[in-house]
Protein chains: 2
Amino acid sequence: MFVDPRFLRTFTAVVRLGSFSAAARELGYTQSAVSQHVAVLEADLGAALLHRRPVAPTEAGTRLFEHAGAILLRLDAARADVARAVAEAPGTLVLGATPLSAGTAARVVAAARATRPALAASVRVATRDDVAVAVATGALDGGIVDGAAAPGDPLPLPETGVPVAELAEEPLVLAVAPGHALAGRGGVRLEDVVDARWIDAPDITTPLADLAMLARADGFRPALRYDGLDVSGLLALVAHAQGLALLPARVAAGGVPVVSPPLVHRTELLAVDVRERPDQIPALVASVFPAVAAPPAAAAR
Amino acid sequence: MFVDPRFLRTFTAVVRLGSFSAAARELGYTQSAVSQHVAVLEADLGAALLHRRPVAPTEAGTRLFEHAGAILLRLDAARADVARAVAEAPGTLVLGATPLSAGTAARVVAAARATRPALAASVRVATRDDVAVAVATGALDGGIVDGAAAPGDPLPLPETGVPVAELAEEPLVLAVAPGHALAGRGGVRLEDVVDARWIDAPDITTPLADLAMLARADGFRPALRYDGLDVSGLLALVAHAQGLALLPARVAAGGVPVVSPPLVHRTELLAVDVRERPDQIPALVASVFPAVAAPPAAAAR
DNA sequence: CTACCTTACGAAGGACGTAATTATT
DNA sequence: AATAATTACGTCCTTCGTAAGGTAG
């Protein structure tokens with residue numbers, strides 16, 4: 001026997017929807033087929049994967065679910081990568097970008113047009129993981145993503161095999177309202193502001209839950225949650241003293257530099273082309289981040 | 001249609017062996033079946049994957065091959081993880097370790113025995129990737145791996161989803177023979193010793209090809225290749241002036257500290273238990289690396 | 001009783017082996 | 001000519017849907 005990815009897909013749908021019948025509807029199977037898929041998986045792996053009534057993953061099912069997503073994603077990425085290998089270079093460039101990288105993406109497009117003036121290009125803004133997945137599965141030609149990280153550390157991204165190149169590491173600052181007690185300070189330690197009023201804007205900046213990991217501290221309770229991809233809205237909330245947010249210095253004028261733990265705002269380029277032309281990265285960085293020193297070479301992930 | 005992992009396995013065997021018939025022999029199929037597998041893959045993906053006579057992957061085939069290994073490994077890891085979830089805690093502990101981490105693994109066993117004196121434990125030495133794969137597929141209960149890395153960077157490992165915890169970062173030194181021109185120096189820059197006589201010991205220390213990436217320099221031509229997992233043999237070669245090697249300061253007494261680029265010798269723990277008990281890592285580190293500061297929390301990879 | 005999952009069974013499709021065919025060295 | 005991959009075809013196995021059977025709330 002072997003683990004059939006179709007069954008894995010069914011299994012993930014059942015876990016996600018909490019129902020065999022709903023999964024069947026979503027995937028275009030009968031209820032019976034879904035039941036058979038799960039039964040085959042359980043027999044093959046020799047473990048109960050799901051509790052029934054209500055439907056929820058067992059311990060073993062949770063383990064399988066964690067792997068299944070990565071496997072299915074990689075399968076899609078493989079198909080997309082092969083398709084790209086046989087397709088001739090398209091006449092259009094569709095770039096994805098996280099909200100704070102939209103400007104960078106625009107400059108990348110400008111750099112690309114410097115060599116191909118007639119290039120039809122577009123930029124789509126989405127969350128970091130969405131950009132990474134879309135690049136891996138071929139929905140996007142490339143992407144620019146960013147986020148907080150320890151200096152030199154790559155950003156945590158879904159494992160897709162897409163080559164990643166560092167574009168820049170910039171200072172990370174705590175954005176505060178004018179007149180805030182911290183405003184004008186030379187630097188803050190994140191440990192000291194764990195209990196401040198934070199704005200959780202998970203689609204734009206580092207989710208507070210992840211920040212706790214990076215800062216190695218508990219706390220970071222959200223005083224306000226901001227859903228959406230619009231940066232100016234977040235900046236307005238900060239300016240009107242609704243809470244704090246971590247942002248790159250470039251965006252948050254007057255922010256307070258984070259001095260501890262050592263964290264930077266990192267920007268990365270995701271694109272298959274990176275693999276073939278790592279030598280072009282420094283030139284790209286020079287044109288897009290004039291003020292930033294030359295970054296290291298590309299590395300597959 | 002969907003990409004059947006059995007076909008992927010066949011495809012990787014054909015690429016690896018450079019022959020349909022050899023792949024058939026290895027997998028217990030007929031040549032005909034192998035031919036059909038490849039034909040189905042090519043039809044499904046809409047791309048020629050292999051050149052015939054001689055058999056070699058096309059551009060698209062190379063892309064697929066890179067993904068296929070990761071997918072098949074992850075499939076095995078998923079099966080192993082489910083098996084571990086249903087099995088009760090075994091009475092034995094089988095640890096893997098890279099050559100330079102064998103001593104560390106021994107101390108981890110000692111630490112484990114401190115809480116369970118009757119524990120039957122063993123340590124197996126293998127290469128870094130072999131240890132990672134064996135832990136992922138359930139052949140080992142855990143592993144200790146090490147290697148050169150930029151400070152704070154995780155070691156590059158096969159993507160298996162096994163949780164990784166940092167155990168230590170130590171100074172990295174250039175091991176030289178007594179009386180060597182560099183001996184006694186306060187520090188060396190790797191850029192300055194690119195053209196030295198290097199010993200390539202890929203199973204023990206960083207392969208020279210990878211070192212070129214880390215040091216961002218070309219060169220590092222091997223004057224001597226050392227295959228095998230025995231550290232003392234490598235040390236003897238260095239001591240007898242057969243060439244240079246990069247090693248942790250702890251092992252290479254009298255080595256010259258590497259000052260540029262900033263590199264450290266990093267040691268990591270691979271084990272599923274890390275996920276459940278990240279809080280125990282600091283205590284483990286304290287008992288195994290008394291001289292090293294507390295490391296960060298575990299992170300899944 | 002009813003919503004939902006499981007089991008039984010038959011039909012359609014897919015995978016594999018044998019054997020004949022084609023192509024390359 | 002010999003070695004090696006492909007194609008043709010028959011058999012067996014797997015998968016899916018229909019429909020009947022359980023089972024928990």
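The sequence lines fix the lettering, A, B, ..., with proteins before strands; numbering per chain opens at 1. Any value given below was found using the heavy atoms of this structure, including those in side chains, with hydrogens, waters and symmetry copies removed.
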- Ignoring hydrogens and geometry, is there a side-chain-to-backbone donor-acceptor pair from D200(A) to L208(A) under 3.5 Å? yes

- Should L64(B) and D81(A) count as side-chain neighbours, where that means a heavy-atom distance under 4.5 Å? no

- V15(A): what forms a side chain to side chain contact (heavy atoms under 4.5 Å, CB included) with it, not counting sequence neighbours? F11(A), L50(A), P57(A), F65(A)

- Protein-to-nucleotide contact annotation, 5' to 3' order, nucleotides 13-21 of chain C [B base; S sugar-phosphate only; - none; under 4.0 Å, heavy atom]: --SBBBB--

- Please report the C-alpha distance between E66(B) and T62(B) in whole Å, then the side-chain angles of each, then the deciding distance to 0.1 Å, and finally whether the side chain to side chain donor-acceptor pair (under 3.5 Å) criterion is met. CA-CA 6 Å; E66(B) 288 167 3; T62(B) 303; over 6 Å; no

- Sorted by number, residues from residues 12-26 of chain A placing a heavy atom under 4.0 Å from DNA chain C are S19(A), F20(A), S21(A)

- Task: Kindly indicate whether the side chain of R53(A) and the base of dC5(C) share any N or O donor-acceptor pair separated by less than 3.5 Å?
- Result: no

- Are a donor atom and an acceptor atom from the side chains of Q31(B) and S35(B) found within less than 3.5 Å of each other? no

- Rounding to a whole Å, what distance do you find between D44(A):CG and dT14(D):P? 12 Å

- To the nearest angstrom, the CG-C1' distance between L41(A) and dT15(D) comes to 14 Å

- Message: Checking R74(A) against D76(A) for the salt bridge (Lys or Arg N to Asp or Glu O under 4.0 Å) test, could you report, in this order, the C-alpha distance in whole Å, the side-chain angles of both residues, the deciding distance, and whether it holds?
- Response: CA-CA 5 Å; R74(A) 195 77 194 245; D76(A) 286 344; over 6 Å; no

- Presence of salt bridge, D44(A) and R79(B), under 4.0 angstrom: yes

- Provide, to the nearest angstrom, the distance between the CD atom belonging to Q31(B) and the C1' atom belonging to dA8(D). 16 Å

- Ion pair present between R128(B) and D130(B), side-chain N to carboxylate O less than 4.0 angstrom? no

- Message: Expressed as a whole number of angstroms, how long is the span from L49(B):CG to dA5(D):C1'?
- Response: 15 Å

